[in-house]
Amino acid sequence: MNKNSSNKMALAPNTSKKKETVCIFGTGDFGRALGHKMIQSGYSVVFGSRSTQTSSLIPKDAEVLSHAEAAQKAAIIIIAIQRQHYNFLTPLAEILHGKVLVDVSNNLKINQYPESNAEYLAQLVPGAKVVKAFNTVSAWALQSGTLDASRQVFVCGDDMEAKQMVMDIVRALGLTPLDKGSLLAAQEIENYPLQLFPMWKFPILLSLGLVTFFFFYCLIRNVIYPYVYEKKDFSFFIAISIPNRICPILALTLLALVYLPGVLAAIIQLYRGTKYRRFPDWLDKWMLCRKQLGLVALAFASLHVLYTLVIPIRSFVRWRISSRTVSQALNNETEPLNTTNAWLSDSYLALGILGFFLFVLLGITSLPSVSNNVNWREFRFVQSKLGYLTLILCTAHTLVYGGNRFLRPSSYVWYLPSAYMLSLIVPCIVLVVKFVLLFPCLDKPLTRIRQGWERNPQYSE
Amino acid sequence: MNKNSSNKMALAPNTSKKKETVCIFGTGDFGRALGHKMIQSGYSVVFGSRSTQTSSLIPKDAEVLSHAEAAQKAAIIIIAIQRQHYNFLTPLAEILHGKVLVDVSNNLKINQYPESNAEYLAQLVPGAKVVKAFNTVSAWALQSGTLDASRQVFVCGDDMEAKQMVMDIVRALGLTPLDKGSLLAAQEIENYPLQLFPMWKFPILLSLGLVTFFFFYCLIRNVIYPYVYEKKDFSFFIAISIPNRICPILALTLLALVYLPGVLAAIIQLYRGTKYRRFPDWLDKWMLCRKQLGLVALAFASLHVLYTLVIPIRSFVRWRISSRTVSQALNNETEPLNTTNAWLSDSYLALGILGFFLFVLLGITSLPSVSNNVNWREFRFVQSKLGYLTLILCTAHTLVYGGNRFLRPSSYVWYLPSAYMLSLIVPCIVLVVKFVLLFPCLDKPLTRIRQGWERNPQYSE
Amino acid sequence: MNKNSSNKMALAPNTSKKKETVCIFGTGDFGRALGHKMIQSGYSVVFGSRSTQTSSLIPKDAEVLSHAEAAQKAAIIIIAIQRQHYNFLTPLAEILHGKVLVDVSNNLKINQYPESNAEYLAQLVPGAKVVKAFNTVSAWALQSGTLDASRQVFVCGDDMEAKQMVMDIVRALGLTPLDKGSLLAAQEIENYPLQLFPMWKFPILLSLGLVTFFFFYCLIRNVIYPYVYEKKDFSFFIAISIPNRICPILALTLLALVYLPGVLAAIIQLYRGTKYRRFPDWLDKWMLCRKQLGLVALAFASLHVLYTLVIPIRSFVRWRISSRTVSQALNNETEPLNTTNAWLSDSYLALGILGFFLFVLLGITSLPSVSNNVNWREFRFVQSKLGYLTLILCTAHTLVYGGNRFLRPSSYVWYLPSAYMLSLIVPCIVLVVKFVLLFPCLDKPLTRIRQGWERNPQYSE
């Protein structure tokens, strides 16, 4: 006990008078940057290197020794060397016995090696306590102090005490340690900095597919058809008119796809009579990327708003309006105000404005710093109640836009319905099913199931 | 001393080799989710349950024992049971003596019981050290790892050491503990997850009231009056025209109400000659919800912008413009450019754009993550200087909008002035009083008062 | 060892049963607010004051003693007194020996004194351990609990243990300590709350200069020229038309200036053949304010969007369109649709919309809470790839806007080219140089240099 206690005193940096000595193997960019930062924070730093002559790049107050000498001076050794050169550590195994080795390495590809670098290091030097850390921090950010991207440092390791010592260093450098558990998490931690928006892949691929489909659909209806039958060149519709058809369709469809998995989950729970069985894998994944789906939908909605607002500035639109006015004047006819049209046009716009407004509100509350400041009930209120209201408003916006055009035969070109009709399918399904689920005969058992009740309790075991 | 030291070593999880054992009473959703997460973070978990047979839902590495047996295995016992069943703990009082009991419970209503659940627990087991924690975290979020809503865990308790142990666990689970003080804070902590935007209640109720009033006001002036006297059906104004009158009125009025309490506070301080007396309660409350008032005002301003920008797309507006042009053409008259009108229209729009732009800037700086990155002086500069500039620009925007219509008798329908005139009352009062307060004869004593000077020092005692 | 251990036990607030006693010298606003907050958090507070009679403003549970008596009761003494009065501490030097003195003071001007207040304090009381802290927190925020501005407390000091004790107190008060190193950092910490957006100074001054230049440039071309030669009064262009020329010019130029330093740095590195030599100072400073430059550019782009979208509502524009239509009707001529014009107008608008959309995305990812949630690779992808795409789209938008007007002599008024042509200079340079740098013969050595390779290795020593 006593030994343990005294040992702790010597190691814990923030309780002893003077911060401890840390050894860094490797004098590359990252090793030097880390050493520099640690000296600033009050640590003594010893570099272990093949050639022991100091270069002007190595921080002034640091010593440079051979690997073996440097290792003996410190309890913590940071291995700022690439994985390929790790085997030079094998002869040092005896000296490294009981030391804390910090693996800071990264790979060039996801899952490049069968085991993570940190686990490989642990195999090479079995007597050492390996901790994975610092791999998410860039040398450049450390040196310049502009840690704009993440200040979070993921830490994992099998030895609690060693991990704690490394986390203390992380904190001392002004970074935020995040304990990710045992060394098994090293693979995930090493893959993290190589990821490029993994949660966004599905929403973006899905929307790219839908955009391509609807682009050719609208191209056929609005450019090719008039060219073939009326010899009119409307190719410039590609710039604004067609994007302004695709964007609202995608916004509405993706927004509906945000709420579809919730509805499906409710049906599955009702059918199974229990909440204690896992959802199918695809549904789980779908539910986890709802936020990203919603934000992509919001992006399309914003583009739709911008495309719509520039309509009156477009040269084509100005030409159309003015030629219509001129022909009215020449024919000496004055149209009376059509109140029905005014109602349709105004309510369609008003619904769109309110829907977009709520959509933006949803987007703002999904900002991490905003959602961190609301409690669970408030977050659910916004994301569920306001979300459904947004979906209802946007669907109504599209329905009113259709107005009395739905059954007009002129809307069907080559038997193809207008594109906006296709966009109504998913949202209408979601809204109808959700409405049905609100009936007491379904809502009551569902609520009970969600509180833990089971229809056939044997299932849960 | 020595005993204390060894005791500490055994308990503090992050310095000992192996994390300690934690006991959880109750195998419901929350207990299981918490147990699962704790095992992941390296703790040993023992469940205390009525029936000791393990179910497939209970984490594999956890033991399930009777309550008494489980309690003896750990220093910390998490009570994941509903308040109604707490009395089963009374017979265990002896075993629980000196243990840390963590109350994680929530109620269904705010202030449901006279005393908080944690205080009730402390009464039932007087020998135990009760700590309130984890009640703001949802079981679902713990399990899925998607802690989108708050990562903050409020902790309170009378025993410092026990509280510290619980906060260490909170940190180990990757959450952020927030010490709220003694067990007296438990009531507040238990009410927190039941709140639904408490600070927003007043601004939203106020704006709902104002919206209703101005809706009927505009309905009378713009729909009912022309229907009665001119037999014209302008009912479609309800969709866009009337909302686009209400929104700017509310935006301007609410923005002025953000700055009114500051002006009132200055007057009160000048009158009293000291800053060391509390403001009346209503003023205190008003000052605390200024941010929310401002954001609601910004929402109305944004809606006003959207409603305004769609004006040229509205079917009614297109009809009005084209029929006016047609009649000009038929009457063979060409209007010359009215430079005054062009000036009025352009400067009115420019003031609105600049005012809205600054308003959005104010909104962005009120985002928690932005305001955390500015110092106090910068925050005050933005919120006060830029805020007043916004108010001035928006008020000027409305005044220029009125332009030369103020005194035109046709603006008065049934003796009712235009709605925008009503919206000018509060902002003009605020700006005039603020301007008066800037006179040296008032500004100097005010500054001295705010630095601590008192006119009649005896008041302060 | 043993003594050290027992000492630690007595001091570390979070492990002992009862939090320790803290002494506060000075009963001014800040001292009282801090004392109040500390009592709430469980500390015992003793005030040291010249007059020991308690006032009603001093927290009830606090004792008020003479300075000497109060100092003897605590290991930590917070000096909540202005620097001018520090010399009263000299006679107390013996009592203060070994104590932790916390300097919380601020100055009225940046670098007001040759040495920081904390260093001055350390000179006055050489035996004490001086720690700088709490100076960024306002008394008002402490009392009201509305810490909207920063919760960060910068801490620095030469004694590790003393600093740790103060950081524990900071944490206990619900604030976030940030270790800034030794007492040398005190000057910087004391200057921090006096700063007013230091990183924004250069971007804002630069854009003010450019705004002034382009304002007069456009005034000459668009208002003075037609007044002189055609006797037309277009002075109302000052409100919207001219700002709507200045804003896009500034947005595009500033956006290009964000990417220019990166391109220059690449050229310098290629020329020097190494990355291990510091860039010239001006380039370093420029690179550090790129984010601010980009955000100012985004602000101008947003204003440009708003100014553009109100175009169809402007009285002048309505008059121009309607008078053109009327004259067409009177002359009995109907213009056919000009497809080239339609293409130019639509693609110009579409490019602008997409460019602005990406620009806003860039702005959102620069929000601290968003950039904290992406890894380094994702951050670089957004800021570099998306950034260049934005620059390309916005430059193309301006080029297409020019369209076939470039060579038209009517665009040159008094030999002055249109203002938008000037705005194309910087972005075109950046894009061309960047394009050249992508050629393999330049890209390959550059990549190698950035990985640490050196053409003339002797340079690096």
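So that the names make sense, note that chain A is the first sequence line, chain B the second, and so on, each numbered from 1. Note that the structure is predicted; figures quoted are calculated from it, not measured.
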Exercise. Among C:Pro312, C:Ala299, C:Gly28, single out the residue with the greatest number of heavy-atom pairs under 4.5 Å to chain B.
Key: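 The residue among C:Pro312, C:Ala299, C:Gly28 with the greatest pair count is C:Ala299.
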State the [atom1]-[atom2] distance between [X] and [Y], to the nearest 0.5 angstrom.
X        : Y        : atom1 : atom2 : result
B:Arg380 : C:Leu196 : CZ    : CG    : 12.0 Å
B:Ile353 : C:Asn244 : CD1   : CG    : 8.0 Å
B:Asp346 : C:Ser241 : CG    : OG    : 6.0 Å
C:Ile240 : B:Ser347 : CD1   : OG    : 8.5 Å
B:Glu378 : C:Gln195 : CD    : CD    : 7.0 Å
B:Thr325 : C:Ile321 : OG1   : CD1   : 9.5 Å

Where does [X] contact chain C at under 4.5 Å (heavy atoms): side chain, backbone, both or neither?
X        : result
B:Thr365 : neither
B:Phe356 : side chain
B:Val382 : side chain
B:Leu361 : neither

Self-check item: Test side-chain contact (heavy atoms from CB on, under 4.5 Å) applied to B:Leu354 and C:Tyr307, step by step
Solution: CA-CA 10 Å; B:Leu354 292 174; C:Tyr307 278 124; 3.8 Å; yes
Quiz item: Among B:Val360, B:Asn332, B:Leu337, which has the most heavy-atom pairs under 4.5 Å with chain C?
Solution: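 The residue among B:Val360, B:Asn332, B:Leu337 with the greatest pair count is B:Leu337.
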Exercise. Would you tell me whether C:Ser315 and B:Trp343 have side-chain atoms, one donor and one acceptor, within less than 3.5 Å of each other?
Key: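 No - no donor-acceptor pair under 3.5 Å links their side chains.
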Quiz item: Tell me, do C:Leu306 and B:Val305 make a side-chain contact under 4.5 Å, heavy atoms counted?
Solution: yes
Exercise. Using a 4.5 Å cut-off on heavy atoms from C-beta on, say whether the side chain of C:Ser322 contacts that of B:Arg324.
Key: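 A side-chain contact is absent here, since even the closest heavy-atom pair is not under 4.5 Å.
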With only heavy atoms counted, which part of [X] is less than 4.5 Å from chain B, the side chain, the backbone, both or neither?
X        : result
C:Arg320 : neither
C:Leu330 : side chain
C:Ser235 : both

Quiz prompt | Minimum-distance pair of heavy atoms, taken over all atoms of C:Pro193 and B:Arg377 | solution = O-CB, 3.4 Å
Quiz prompt | Partners meeting ring-ring contact (aromatic ring centres under 6.0 Å, His included) with C:Phe316 (sequence neighbours left out) | solution = C:Phe236, C:Phe237
Quiz item: Which residues pass the side chain to side chain contact (heavy atoms under 4.5 Å, CB included) test with B:Ala396, sequence neighbours left out?
Solution: B:Leu351
